[in-house]
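The chains referred to below are lettered A, B, ... by the order of the sequence lines, with proteins before strands, and numbering in each begins at 1. All figures in this text were calculated on a predicted structure; none of them were measured in a lab.
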Number of protein chains: 4
Amino acid sequence: MMDVPAKKRVRLSTEVRRQQILDAALTEFTALGFNAASISKIAARAGMSKANLYVHFANKDEIFETLLKDVLQPALGAWQLPPAGASVEHALDAYIDHQYEQMTPQMVSIMKLLISESHRVPELIRRWQDETVLPAHREQQARIDQYVADGALQKTPLTDNFSFIMAPVLYAVICKLIFTPEVAETERQKTRATHRQLIRLLLKAP
Amino acid sequence: MMDVPAKKRVRLSTEVRRQQILDAALTEFTALGFNAASISKIAARAGMSKANLYVHFANKDEIFETLLKDVLQPALGAWQLPPAGASVEHALDAYIDHQYEQMTPQMVSIMKLLISESHRVPELIRRWQDETVLPAHREQQARIDQYVADGALQKTPLTDNFSFIMAPVLYAVICKLIFTPEVAETERQKTRATHRQLIRLLLKAP
Amino acid sequence: MMDVPAKKRVRLSTEVRRQQILDAALTEFTALGFNAASISKIAARAGMSKANLYVHFANKDEIFETLLKDVLQPALGAWQLPPAGASVEHALDAYIDHQYEQMTPQMVSIMKLLISESHRVPELIRRWQDETVLPAHREQQARIDQYVADGALQKTPLTDNFSFIMAPVLYAVICKLIFTPEVAETERQKTRATHRQLIRLLLKAP
Amino acid sequence: MMDVPAKKRVRLSTEVRRQQILDAALTEFTALGFNAASISKIAARAGMSKANLYVHFANKDEIFETLLKDVLQPALGAWQLPPAGASVEHALDAYIDHQYEQMTPQMVSIMKLLISESHRVPELIRRWQDETVLPAHREQQARIDQYVADGALQKTPLTDNFSFIMAPVLYAVICKLIFTPEVAETERQKTRATHRQLIRLLLKAP
DNA sequence: AATGAATGAGTTTTCATTCAT
DNA sequence: AATGAATGAAAACTCATTCAT
């Protein structure tokens, strides 16, 4: 007879366990959505028993909420400020590029989660909106306004409503979520090129 | 004891019943997503027994698929051609306006469904993409190219990739799906205004 | 548009309809057993609607009962009398041969049905037993006794309990019901040969 | 109002629970057949919730399969070898006796299950046939052949095809499955007596 | 902290049967 | 007689959650 693998009962700190759970949960939730992701699989992926998972979180919703909270901290990285430099135009260019670059599969999955499951955590979303997204917008807008005031950028409808600049990026993300990979990728590249050209055009305009 | 209500059996045509089911299903699916929407509730909302629902549809997936198929026929109304007229600029303006106008709650819900559940019906989505969306894009692009050739529109990066024009609209839709109604509405109006101004600017540019 | 096939509403006599139903039911019941055979399929096979089926039979059990009643009339053909002739031994030989020959797939299926579902119709089975099987046994035994009295057959334990002679046939049937076709067929042939040889041996014995 | 019974949760080992389930399932399956036996009733009989039953078995089929597998291990006890002794004839007599003795209600039920539901587990049946039944036959036949070679038994058609000897036993079993208890019992006794006498006769034959 | 065992409340689906025409 | 539409009751199975250790 073979020895039974002798499943050890590992004892780890709460911190570690929570993180294991959240990591596993992120994978499962982004892959399947809230409902289809099961506690069983999350526990299995996190390497612990279901019951132990409930020692660390009160229920499935709490895991989800904690997860989104973590993920939403950096405001999707999206509306970060462009680094100021000698040439504002160049910086802006690099900034937009950065956004398209950042469109990783993981980020796309989280976007999907945010769209399809945000109704589960309205309070969290509201706080995220009020404390992260809107302030970031404002800060960014202030910076842009400063550039305009300084004459580093000329005033255009875009500089008046700078968050508008993310629209094409989002369009590319949504394409990834709906269309076939090939079409989505084509659309992303076309969008990116058009985006860049239009921005340049706009900044050069008299 | 109360008298038993003596529930009368209602007898309707298959056509009517199917439509009742689809209507109820659309409500439930858009409100909760595929998994969370239950056959029980759909049947209740449609005013019939669960069993009768299964007389008209083979299973939950078939309901979902039929629903999406119906909804996707008009290509979301989105990439419809701008009506040609005396002033192309004016027509374009009206066209964009139309897109923002069309952003009804129902349409927004369907968009959500499309994003969160399209993986369930990949074949349907592929056909929709290949037979509806892409052809519509092409036709629209051809029309724009004609305008440019005719000198009615001047050539810009946007006229080279005209579907790009939908990006801000989509941005507004996604805001509705994520943010609070107030913020979403504000964002929609700002986006719409910026969109219009930028288009005008672009068309006027030398 | 194509013309709809114009499903005719055929009107037939009760007799005909009942027989159509019974024929279809026999096929379905023997193929699947009582529970797995569905009214839907029986009705479809009989070429009528489910509702019409209920015009002719009160319920599923009644169909089953009627069916078995019909089938059990000839007492499975099993304990039929051996035709008397010049040589009783020869006749007996032919009789046994006949039993093995009669082991058609249909007969085997009915045997299976009889074993697995007879508990559903205990009363019917009792009547069949009392009014068909046992009388047939008795008649046959009487005939054998007569042969013995006449000296046409010599007295043996077998002639004292003649129904015993069916045991090997039944064994072959059960093999068909359990084992793989190849093994069952081999077993049937071996059994048949042994059966014949033993009978001959017995009749020749001093 | 009565106090709520406060059903205590009983906690037992997997081993025990599995056995409880198998016991209950055997009862239900043999009484009603596979389809008509419900998981609800099996769980109730086993004294646990349906859900717990699914903790121990993946589905209804797995229960059935496990059950048959367990039961088929000893090859139905049927074709076991006769113990060799001073008098082979005596041993054979005892062996046959043993078979009739062993015809317990439980064994009869399993026989019914085997006949009516074996199509559900063709692979299991094939393995049982190839690895248990046929080898047992062969071993037994070899033993008989040895007796014949030793002169302990004289060669007859029966010694050439020894498994034939089970046919009358099987006949008695089938009678139990179809006829009323009284008739079945009468038939069993008659069959047993005839069986014994014929065997003796055969062995004594010149 | 950790877990194997246990369960209530739900899910989708099926089917014999009945109703209205 | 015939049928399309309708349904109650039950089936198998799932899953988030809890209990006992």
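- The phosphate of E:dA1 (OP1 or OP2) has no side-chain N or O of A:Ser13 nearer than 4.0 angstrom.
- Going from atom CZ of D:Phe57 over to atom C1' of E:dA6 covers 16 Å, rounded to whole Å.
- Both D:Ala36 and B:Val55 sit near DNA chain F, but only B:Val55 has its closest nucleotide nearer the 5' end.
- Annotation for B:Glu62: atom CD counts as buried by contact number, over 12 foreign heavy atoms lying within 6.0 Å.
- Shown here are the side-chain contact (heavy atoms from CB on, under 4.5 Å) partners of A:Glu65, two or more places apart in sequence or in another chain: A:Val121, A:Leu124.
- Take C:Thr30 and apply the side-chain contact (heavy atoms from CB on, under 4.5 Å) test, not counting sequence neighbours, and it matches C:Leu26, C:Ser109, C:Ile110, C:Leu113.
- Taking atom CE of residue B:Met48 and atom P of nucleotide F:dG8, one finds them 13 Å apart after rounding to whole Å.
- As rounded to whole Å, 19 Å separates atom C1' of E:dT13 from atom CZ of B:Phe64.
- Listed by chain and number, the residues in a side-chain contact (heavy atoms from CB on, under 4.5 Å) with B:Gln19 are B:Leu22, B:Asp23 (sequence neighbours excluded).
- Taking atom NE2 on D:His56 and atom P on F:dC13, their separation rounds to 16 Å, with Å as the unit.
- Not a single side-chain hydrogen bond (donor to acceptor under 3.5 Å, both in side chains) links C:Arg18 to another residue, sequence neighbours left out.
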* Secondary structure of DNA chain F in dot-bracket form (Watson-Crick or G-U wobble, distances below 3.5 Å, | marking inter-strand pairs) -> .||||||||||||||||||||
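- Listed by first and then second residue, the salt bridge (Lys or Arg N to Asp or Glu O under 4.0 Å) pairs involving residues 44-55 of chain C are C:Glu28-C:Arg45 (not counting sequence neighbours).
- Between C:Leu53 atom CG and E:dC15 atom C1' the separation is 13 Å, expressed in whole Å.
- Scanning for salt bridge (Lys or Arg N to Asp or Glu O under 4.0 Å) contacts around B:Glu15 gives an empty result, with sequence neighbours left out.
- By the side-chain contact (heavy atoms from CB on, under 4.5 Å) test, C:Arg120 pairs with C:Phe34, C:Asn35, C:Phe64, C:Glu117, sequence neighbours left out.
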* Summarise protein proximity over nucleotides 16-21 of chain E in one line of letters, 5' to 3': B for base, S for sugar-phosphate only, - for none, counting protein heavy atoms closer than 4.0 Å. => SBBBBS
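- Two residues are said to be in side-chain contact when any heavy atoms from C-beta on lie closer than 4.5 Å; C:Gln20 and C:Leu53 fail this criterion.
- Taken residue by residue, residues 16-24 of chain B places heavy atoms nearer than 4.0 Å to DNA chain F at B:Arg17.
- Counting heavy atoms from C-beta on, the side chains of A:Asp70 and A:Leu68 never come closer than 4.5 Å.
- The shortest distance between side-chain heavy atoms of B:Arg17 and B:Val10 falls below 4.5 Å.
- Neither OP1 nor OP2 of E:dA1 sits under 4.0 Å from any side-chain N or O of A:Asn52.
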